[in-house]
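Below is one structure, written out as C-alpha cells; the observations come after it.
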There are 2 protein chains.
Amino acid sequence: MGKGRNRISNRIREHRFHAGGMTQAELAETVGVTRQTVIAMEQGRYSPSLEVAFRTARAFGAPLTEVFFYDEDENG
Amino acid sequence: MGKGRNRISNRIREHRFHAGGMTQAELAETVGVTRQTVIAMEQGRYSPSLEVAFRTARAFGAPLTEVFFYDEDENG
DNA sequence: CTCCAATGTCATAAAAACTAGACATGATGT
DNA sequence: ACATCATGTCTAGTTTTTATGACATTGGAG
C-alpha cells in the first residue's frame, strides 16, 4: 500500500537488545524469514504480512501490539 | 510464506455484525481497500498486510489482537 | 414475480512483500 | 595485520497481496 511513508513503526530493535542481544540473523531464523526481511522490517521500509508480524512478536514473547504500532495522523 | 493452511484467523464478520450490520462494502471503504480484499480477508484466504490489519481493527474501534488471531499449533 | 442489496466467484494485472546472493563497512578479537 | 561477526546496501527474481471489472446467487421488499 504505500503511497508515501509508512504509518507502521516498530520496536524490533529494542526487543532484540532486550532479548539478550539477539542478532538480526537469529531473529530471522526464528521467525522463518531471511535476514534481509528482518532488516527492512526493522527499518520500517515496509509493513510485513500479519503472519510475519505475529511470528516476530512471538519470537520476543510479546503481544503484537507491543512490537508494532500504527501511527495515526491525518487522513485516516 | 504459505505452505499449508493459514495460521491466521479473524472475527471480522462478528465485528461487522456487532457494528450494527456494517456491510463488506462499507468496511472496505472505511479501511481503504476493495470489497474483494475484505471478502478474501474475512474468509482467511490470506493474511493481510499489517497496515490493512491495523486499519481494519481500527474500523471497529478494537485492538488488532481482538480481530486477528495467530493459531499456533505444530512447528511454531 | 421483479428489483435491489449483500455476498461470493473468476480472471487478469499491478504493487508490495519476500528471497537469494554478492558486496561494503565498522567493531571486536587474536 | 588478519579474521570474523553484525549490520547494511544493491540488484534481480519469485510469491503473495491488492485492485479492477464482470458475473452468479441468495434473500428481502414492493
Atom CD of residue position A:E14 - does it have more than 12 heavy atoms of other residues, nucleotides or ligands inside 6.0 Å? yes

If I take atom CG in residue B:L50 and atom P in nucleotide D:dT18, what distance separates them, rounded to the nearest angstrom? 11 Å

Is the shortest heavy-atom distance from the side chain of B:F68 to the side chain of B:T56 under 4.5 Å? yes

Using whole Å, what does the distance between atom C1' of nucleotide D:dT20 and atom CD of B:E29 come to? 16 Å

Donor-acceptor contact below 3.5 Å, side chain A:H15 vs main chain A:N10: no

For atom CG of A:L27 and atom P of C:dC18, their distance in whole Å: 13 Å

Within the distance-only criterion (no hydrogens, no angle test), does the side chain of A:R16 pair as donor or acceptor with the backbone N or O of A:M22 below 3.5 angstrom? yes

Separation of atom CE in A:M41 from atom C1' in D:dG8, rounded to whole Å: 15 Å

Below 3.5 Å is the cut-off: list the nitrogen or oxygen pairs between protein and nucleotides 26-30 of chain D, distance only.
none

Any side-chain N or O of B:S47 below 4.0 angstrom from OP1/OP2 of D:dT16? no

Under 3.5 Å donor-acceptor, B:R35 side chain and B:A25 backbone: no

Any side-chain heavy-atom pair of B:F60 and B:I12 under 4.5 Å: yes

Rounded interatomic separation in angstrom, taking OH from B:Y46 and P from C:dA16: 15 Å

Is it the case that the side chain of A:E66 and the backbone of A:P63 share a donor-acceptor pair, with hydrogens and angles ignored and the cut-off at 3.5 Å? no

Assess whether atom CD of A:Q43 is packed by more than 12 heavy atoms of other residues, nucleotides or ligands within 6.0 Å. yes

Does a side-chain N or O from B:T37 land closer than 4.0 Å to OP1 or OP2 of D:dT17, or not? no

As a quick check of understanding, evaluate side-chain contact (heavy atoms from CB on, under 4.5 Å) for B:T37 and B:Y46, giving each step before the final call. CA-CA 10 Å; B:T37 299; B:Y46 56 63; 3.6 Å; yes

In the structure I gave you, are the side-chain heavy atoms of A:I8 and A:F69 within less than 4.5 Å of one another anywhere? no

Treating primed atoms plus P, OP1 and OP2 as sugar-phosphate and everything else as base, which nucleotides of nucleotides 25-30 of chain C get B, S or - for protein heavy atoms under 4.0 Å? ------

Contact letters for nucleotides 4-11 of chain C, in which S counts primed atoms plus P, OP1 and OP2 and B counts the base, heavy atoms under 4.0 Å: --SBBBB-

For B:R7 and D:dT16, give me the distance from atom CZ to atom P, rounded to whole Å. 14 Å

For residues A:L27 and A:V38, report the shortest heavy-atom separation together with the two atoms involved. CD2-CG1, 4.0 Å

